[in-house]
Amino acid sequence: MELSKAIEQTREAMIQCIHSRGLTDKETLRLSQELDKLIVESQRKKMAKKKSH
């Protein structure tokens, strides 16, 4: 799966979870952490790409 697509899907799932379970629910927090990891990975890839040019 493309990284940007994974970020978008995880973000949508987290928003839905917030609405149905709340901000402090374990699943919401898990999705938030997963989203953070995906964003960091995306940023690292962008930085590596800039350095290689």
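In what follows, every heavy atom counts, from backbone to side chain, and hydrogens, waters and symmetry copies are set aside.
Taking NZ from Lys5 and CG from Leu38, the interatomic distance works out to 14.0 Å, rounded to the nearest 0.5 Å. Arg11 CZ to Gln16 CD: the interatomic distance, rounded to the nearest 0.5 Å, is 10.5 Å. In this structure, NZ on Lys37 lies 11.5 Å from CG on Leu35, to the nearest 0.5 angstrom. The CE atom of Met14 lies 9.0 Å from the CG atom of Leu23; values are rounded to the nearest 0.5 Å.
Using a 4.5 Å cut-off between side-chain heavy atoms of Ile, Leu, Val, Met, Phe, Trp and Tyr, with links allowed through other members, Ile15 and Leu31 fall into different hydrophobic clusters. Hydrophobic clustering (ILVMFWY, side-chain heavy atoms < 4.5 Å, transitive): Ile39 and Leu3 are in one cluster.
In this structure, Thr28 contributes its side chain and Thr24 its backbone to no donor-acceptor pair below 3.5 Å. Side chain of Ser52 to backbone of Lys49: a donor-acceptor contact under 3.5 angstrom is found.
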List the steps and the verdict of side-chain contact (heavy atoms from CB on, under 4.5 Å) for Arg30 and Glu27. CA-CA 5 Å; Arg30 185 192 68 75; Glu27 181 64 10; 2.7 Å; yes
Per-pair distances, 0.1 Å, donor-acceptor, side chain in residues 41-48, under 3.5 Å, sequence neighbours excluded:
none

